[in-house]
Amino acid sequence: MRSTAAGILLLLFLSAAVRLHADDEPLYRSIPFRQIELPFYTFADYTPQVALRMDYAQAVLYNPEDWKAQAASSQAYEIDLVFTKYPRDLTAWRTNYYELLNERLRALFALDSSLRAPGIRWNLVLQTQCETEEDAKRYFHGFVIKYRPRQVRFLEEVRNFDELKLMLSGQATTRDSTVTRVLDRHPEWGRMLVVMDWTGSMYKFGAQVVIWHKINQLRDPDRIAHLVFFNDGDSKSTWMKETGKTGGIYRARSTGLDEVVATMQLVMRRGNGGDAPENDLEALLTSIQNLDGFDEVVLIADNKSDVRDMALLEHIRRPVRIILCDVRGLPHAHYVQIAKATGGSLHTISKDIQYLREAEAPPPP
């Protein structure tokens, strides 16, 4: 997958395109497209969306009534315009894609001019897997409008799986957006191993990770390499929670949303923490030792909870980026210690604090 300017993309489409008349300003010039190449288009799970279908190389909407039924009560936030990149040899292309792109946009805006509103994200998706024109004709072509309800519920806490699903589908949200704000502030974090406290008070924050991943997955599917959830022992009694052997640590087998949500539900059923301390370091150490293919280690932690297994800190050999949730006052001393000892960092809803590894820190003056 790669991104480039829409004008460059269209020049790649057709090396000798017939240009539109100068007095007919093309609609596509006003749309901030991102180019995305995929083998074939798949529809996002847990995402309210309307797919407006068009035939291959055509610009007629087959089902405009599907969006008309949603438009009054919904707010579009992202639109995918899906093409097929066939044939792959650009010299063999017969369609004027400047004109086709323009006509498809014209058809959409004739249906609903409000879809030109600023703030909507636009993706120009090229499907690359087809080998023949007959294959291309079987692929989806057209617009996919992703939307949120205009009336959204605010949840102070997420207490069960039904409320979690409301958040994932965009029907509910929380006023605290710590996780999404931190992830948006740090685009340099690539191929993340995300380890998150998945006990009762943290459900709303874990949901933010999945929503952020869902929104960004099409444009950059490699930002999150692994998602790991821990619930401090699968409902064990406190006396049974031995340092390094508390358990209740689960990795989603893939970052596909169906698998991630199924894992979240499983971990919720098996335990929600019980007592206040959590097994953050056991979860980190287990994940680091048993997974690969990641660059950054990100811990999503509850500032109100102690870390029950600080004795394991000496075994953490990688910098840990700690997103601290529900901070009201100072960051908890345990998380400051983890960030300092690993040469990691602390992140709250509004602040980023970077630390050198303690052994590398300069002596005091």
Side-chain angles (χ1 to χ4, degrees), residues 1-3 34 36 44 78 121 123 168 174 176-198 202 204-230 249-257 259-260 263-264 280-281 283-303 307 313 316-327 331-332 334-358 360:
M1 184 183 72
R2 61 182 186 274
S3 298
R34 292 173 180 264
I36 297 170
E78 185 168 28
R121 292 187 296 271
N123 302 309
L168 297 179
T174 61
D176 188 323
S177 56
T178 297
V179 176
T180 54
R181 287 199 189 187
V182 173
L183 292 174
D184 283 342
R185 284 204 309 266
H186 292 281
E188 75 279 8
W189 294 353
R191 301 196 334 149
M192 292 180 282
L193 163 60
V194 179
V195 181
M196 69 182 79
D197 180 342
W198 195 237
M202 290 292 289
K204 63 182 179 182
F205 298 106
Q208 290 177 33
V209 178
V210 179
I211 294 167
W212 183 90
H213 177 52
K214 179 178 72 172
I215 291 171
N216 288 274
Q217 191 173 39
L218 182 63
R219 291 193 298 274
D220 194 353
D222 298 325
R223 283 293 301 281
I224 293 182
H226 304 285
L227 282 164
V228 177
F229 306 87
F230 63 95
I249 303 165
Y250 297 83
R251 172 198 172 230
R253 290 173 294 182
S254 78
T255 56
L257 288 175
E259 173 63 31
V260 170
T263 303
M264 296 166 86
D280 299 69
L281 291 182
L284 279 172
L285 191 59
T286 300
S287 302
I288 292 169
Q289 290 179 342
N290 289 284
L291 299 174
D292 55 20
F294 60 90
D295 297 324
E296 296 282 356
V297 179
V298 178
L299 172 65
I300 299 175
D302 185 354
N303 194 61
V307 178
L313 180 55
I316 306 292
R317 306 295 185 190
R318 299 191 57 142
V320 180
R321 314 293 181 196
I322 304 172
I323 300 177
L324 269 182
C325 302
D326 212 4
V327 178
H332 192 296
H334 282 173
Y335 300 107
V336 174
Q337 187 177 348
I338 293 167
K340 286 182 174 180
T342 65
S345 51
L346 283 179
H347 307 272
T348 67
I349 194 168
S350 59
K351 294 181 180 180
D352 302 303
I353 308 169
Q354 179 69 49
Y355 293 96
L356 294 172
R357 191 181 296 273
E358 287 182 333
E360 301 168 352

Any sub-3.5 Å donor-acceptor pair from [X]'s side-chain atoms to [Y]'s backbone N or O?
{"X": "Asp222", "Y": "Arg191", "result": "no"}
{"X": "Lys214", "Y": "Ala44", "result": "no"}
{"X": "Thr348", "Y": "Lys351", "result": "yes"}
{"X": "Glu259", "Y": "Arg253", "result": "yes"}
{"X": "His334", "Y": "Val307", "result": "yes"}
{"X": "Glu78", "Y": "Asn123", "result": "no"}
{"X": "Trp198", "Y": "Met264", "result": "yes"}
{"X": "Gln354", "Y": "Gly344", "result": "yes"}

Residue pair [X] / [Y], side-chain heavy-atom distance below 4.5 Å:
{"X": "Ile323", "Y": "Leu183", "value": "yes"}
{"X": "Gln208", "Y": "Ile300", "value": "no"}
{"X": "Leu324", "Y": "His332", "value": "no"}
{"X": "Thr342", "Y": "Leu313", "value": "yes"}
{"X": "Leu257", "Y": "Val210", "value": "yes"}

Open item on the list: For a side chain to side chain contact (heavy atoms under 4.5 Å, CB included) check, start with the C-alpha distance between Val260 and Phe229, then their side-chain angles and the critical distance, and finish with the verdict.
Closed with: CA-CA 10 Å; Val260 170; Phe229 306 87; 4.1 Å; yes
Closest non-hydrogen atom pair between [X] and [Y], with its separation:
{"X": "Thr255", "Y": "Gln217", "answer": "O-NE2, 3.2 Å"}
{"X": "Val336", "Y": "Pro331", "answer": "CG2-CB, 3.9 Å"}
{"X": "Ala225", "Y": "Gly293", "answer": "CB-O, 3.6 Å"}
{"X": "Val297", "Y": "Arg318", "answer": "CG2-NE, 4.1 Å"}
{"X": "Ala207", "Y": "Leu168", "answer": "O-CD2, 4.1 Å"}
{"X": "Ala301", "Y": "Ile322", "answer": "CB-CG2, 4.4 Å"}

query: Sequence neighbours excluded, which residues qualify as salt bridge (charged side-chain N to carboxylate O under 4.0 Å, His left out) partners of Asp197?
result: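 Salt bridge (charged side-chain N to carboxylate O under 4.0 Å, His left out) list for Asp197, sorted by chain: empty.
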Rounded at 0.5 Å granularity, tell me how far [atom1] in [X] sits from [atom2] in [Y].
{"X": "Asp302", "Y": "Phe205", "atom1": "CG", "atom2": "CZ", "answer": "7.5 Å"}
{"X": "Arg223", "Y": "Asp295", "atom1": "CZ", "atom2": "CG", "answer": "11.0 Å"}
{"X": "Phe230", "Y": "Met196", "atom1": "CZ", "atom2": "CE", "answer": "9.5 Å"}
{"X": "Leu285", "Y": "Asn290", "atom1": "CG", "atom2": "CG", "answer": "9.0 Å"}

Q.
Tell me which pairs pass salt bridge (charged side-chain N to carboxylate O under 4.0 Å, His left out) where either residue lies in residues 176-189, with sequence neighbours left out.
A.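 The answer is Arg185-Asp352.
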Worksheet item: Parallel under 30°, tilted from 30 to 60°, perpendicular over 60°: which one fits the rings of His186 and Trp189?
Response: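 Judged by the thresholds at 30° and 60°, the geometry between His186 and Trp189 is parallel.
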- Sequence-distant partners of Asn216, side chain to side chain contact (heavy atoms under 4.5 Å, CB included), two or more places apart: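 With sequence neighbours excluded, Asn216 shows a side chain to side chain contact (heavy atoms under 4.5 Å, CB included) to Trp212, Arg219, given in chain and number order.
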Query - side chain to side chain contact (heavy atoms under 4.5 Å, CB included) between Arg251 and His226, intermediate numbers included - result: CA-CA 7 Å; Arg251 172 198 172 230; His226 304 285; 3.4 Å; yes
Show your reasoning for whether side chain to side chain contact (heavy atoms under 4.5 Å, CB included) applies to Thr286 and Val228.
CA-CA 10 Å; Thr286 300; Val228 177; over 6 Å; no
**Prompt:** Among Ile288, Val298, Leu299, which residue meets the side chain to side chain contact (heavy atoms under 4.5 Å, CB included) test with Leu193?
**Reply:**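 Of Ile288, Val298, Leu299, side chain to side chain contact (heavy atoms under 4.5 Å, CB included) with Leu193 is met by Ile288 alone.
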Pair Tyr355-Leu346, side chain to side chain contact (heavy atoms under 4.5 Å, CB included): steps then yes or no:
CA-CA 8 Å; Tyr355 293 96; Leu346 283 179; 3.8 Å; yes
